[in-house]
Amino acid sequence: QVQLVESGGGLVQAGGSLRLSCAASGRALWNYAMGWFRQASGKEREFVAAISGSNGGRHYGDSVEGRFIVSRDNAKNTVYLEMNSLKPEDTAVYYCAARVGAPGPGTYRYWGQGTQVTVSS
């Protein structure tokens, strides 16, 4: 079992930045691809970013490419999502997730509880 806990969400003005963290326990993360997803009120869950457990390969959703950066520190069992140039449409609950295998969108086995990000205009 992998337990994931997100933190770092909050309220920020448009154009600002936030960094989300996802701390894992139960298993070492190095063997897991880690993903970030978000779900805005009334909308479907959307893939945001993912990072490989092994070679650090990264994938981004089209709406965040060039603005968000996903990274990981396997020694700390933590994954990060640095969010820059935030827009009101980035407002959502952000979730981190883990799976064995390649990073990217799709099905993940383990999920955190989510952290709210609100971007004011």
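A donor-acceptor contact shorter than 3.5 Å is absent between the side chain of Gln39 and the backbone of Glu44. At distances below 3.5 Å, at least one donor-acceptor pair connects side-chain atoms of Arg58 with backbone N or O atoms of Val70. Counting only distance, with no hydrogens or angles, the side chain of Asp73 and the backbone of Lys76 share a donor-acceptor pair below 3.5 Å. Of the possible polar contacts, one joining the Arg72 side chain to the Leu29 backbone as a donor-acceptor pair under 3.5 Å is found.
Residues Ser63 and Glu46 come closest through the heavy atom pair OG-OE2, 2.8 Å. The shortest non-hydrogen separation linking Ala92 to Ala40 is CB-N, 3.7 Å. Between Tyr108 and Ala50, the shortest heavy-atom contact is OH-CB, 3.5 Å.
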### side chain to side chain contact (heavy atoms under 4.5 Å, CB included) evaluation trace for Gln113 with Glu6
CA-CA 7 Å; Gln113 85 291 347; Glu6 302 95 337; 2.9 Å; yes

### Query
What's the verdict on side chain to side chain contact (heavy atoms under 4.5 Å, CB included) for Cys96 and Tyr110, showing C-alpha distance, side-chain angles and the deciding distance?
CA-CA 8 Å; Cys96 72; Tyr110 303 104; over 6 Å; no

### Task
Check the pair Lys87, Arg67 against side chain to side chain contact (heavy atoms under 4.5 Å, CB included), reporting the backbone distance first and the verdict last.
CA-CA 10 Å; Lys87 306 174 181 180; Arg67 299 188 297 124; 3.8 Å; yes

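Linking Ile, Leu, Val, Met, Phe, Trp and Tyr whenever their side-chain heavy atoms come within less than 4.5 Å puts Val100 and Ile51 in one cluster. The same ILVMFWY cluster, assembled from side-chain heavy atoms under 4.5 Å apart, contains both Leu86 and Val64. The hydrophobic cluster containing Ile69 also contains Val119, counting ILVMFWY residues as joined when their side-chain heavy atoms lie under 4.5 angstrom apart, directly or transitively. Val93 and Trp111 fall within a single hydrophobic cluster, where Ile, Leu, Val, Met, Phe, Trp and Tyr are joined by side-chain heavy atoms under 4.5 Å apart, directly or via other members.
The side-chain contact (heavy atoms from CB on, under 4.5 Å) test with Tyr32 singles out one residue from Val2, Leu4, Val79, and that residue is Val2.
Phe37 and Phe47 have perpendicular rings, their planes meeting at more than 60° on a 0 to 90° scale where under 30° would count as parallel.
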Please table the atom pairs, donor to acceptor, closer than 3.5 Å between any side-chain atom in residues 7-21 and protein atoms at least two apart or in another chain.
unit_1	atom_1	unit_2	atom_2	d
Ser17	OG	Asn84	OD1	3.0

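For the atom pair Phe68 CZ and Ser85 OG, the distance stands at 9.0 Å (nearest 0.5 Å). Between Leu81 atom CG and Met34 atom CE the span is 11.5 Å, to the nearest 0.5 Å.
Sorted by first then second residue, the side-chain hydrogen bond (donor to acceptor under 3.5 Å, both in side chains) pairs that include residues 91-105, not counting sequence neighbours, are Arg38-Tyr94.
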